[in-house]
Amino acid sequence: MSIKQNINSIISLIPKEVKLVAISKTKPCEAIMEAYDTGQRIFGENRHKELIEKFDTLPKDIKWHFIGSLQRTNVKYVVPRVELIHSVDSHNLLKEIDKEAAKNSKVMDVLLELHIAQEMSKSGWDRATLIEYLKSGAHSELKNVRIVGVMSMASYTYDTEQIRAEFRELKQIFDSIKEQFFADSDYFNTISAGMSGDYEIAIEEGSNMVRIGSTIFNA
Ligand SMILES: *Cc1c(COP(=O)(O)O)cnc(C)c1O
């Protein structure tokens, strides 16, 4: 199937309140343009150099999302170019994003990455550490970042019940953080979860933003 057909079939499968981020990392600009021509505008990249190249080359109405692990030294390249950073896993990174956003006179929307998978290799906060951090109030001193939700990746496994349990846990953490720290913040509303192999389960368990690469670009 073509990229166009892939996108249309995903759009027809997901509820309309779920946002589709087309993960275009490692894909050439021509492939991205094929997706763009279907009306897709949100694309996700995980390396700052590739983001810069594509940002400079491709249409300006694309909304770029950063989904990869981010070094503090590279924050300055990412902040001016993206609508949302999915993968924030420390206070130091938040502080750096805040500083660069201030320089750019913008408020940077970010998601807090949670570690819900069994694999140690995955990054992100665990539930207890994140709640301790939010209780400290340190995040609310950062005026140029806005925490709009959470992001995570499930374990890489064929055990769909395991995957489902992990996404369910993510939703519980989201609900609990929302109630405790963001009750009056309508903007805290995003659960970024689900990739090519597991997005249907993620949506059933509460995700409202899916990050899909290989199913779109036939990788
Ligand atoms: C690559 C990537 C995706 C997309 O994965 P596919 O399996 O290709 O859909 C989603 N999220 C993150 C963080 C990724 O790095």
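Atoms within each ligand, like the ligands themselves, are counted from 1 in listed order. What you see is a predicted model; the values in this text were computed from it and never measured. Note: hydrogens, waters and symmetry copies are ignored here, and every other heavy atom, side chains too, is used. Numbering of residues begins at 1 and proceeds along the displayed sequence.
- Atoms of ligand 1 lying under 4.0 Å from any heavy atom of S214, numbered from 1 in the order shown and given with element: 6 (P), 7 (O), 8 (O), 9 (O).
- Considering both main-chain and side-chain atoms, M151 never comes within under 3.5 Å of ligand 1 through any nitrogen or oxygen pair.
- For atom 1 (C) of ligand 1, the nearest protein heavy atom (residue, atom name, distance) is K25 NZ, 1.4 Å.
- Among protein heavy atoms, atom 5 (O) of ligand 1 sits closest to M195 CE, 3.7 Å.
- Between S2 and E34, the side chains place no donor N or O within less than 3.5 Å of an acceptor N or O (distance only, hydrogens not considered).
- In this structure, K19 and V210 have side chains that are not in contact, with every pair of non-hydrogen atoms separated by 4.5 Å or more.
- Atom 12 (C) of ligand 1 has its closest protein heavy atom at I67 CD1, 3.6 Å.
- Side-chain contact check for Y133 and H91: at least one donor-acceptor pair (N or O, by modelled atom type) lies under 3.5 Å.
- What sits closest to atom 11 (N) of ligand 1 on the protein, heavy atoms only, is R211 NE, 2.9 Å.
- Ranking protein heavy atoms by distance to atom 9 (O) of ligand 1, first place goes to S196 OG, 2.5 Å.
- The aromatic rings of F182 and F188 sit parallel to each other, their planes meeting at less than 30°, with 60° as the upper class boundary.
- For the ligand labelled ligand 1, residue T215 lies outside the 4.0 Å heavy-atom shell.
- Ring orientation note: the planes of H65 and H86 are tilted relative to one another, at an angle of 30° to 60°.
- With hydrophobic clusters built from ILVMFWY side chains whose heavy atoms lie under 4.5 angstrom apart, F181 shares a cluster with L170.
- For the pair K27 and F43, the NZ or CZ position fails the cation-pi test of under 6.0 Å to the six-membered ring centre and within 45 degrees of the ring normal.
- Near I212, meaning under 4.0 Å from any of its heavy atoms, are these atoms of ligand 1: 9 (O).
- Considering backbone and side-chain atoms alike, N46 places every N or O at 3.5 Å or more from each N or O of ligand 1.
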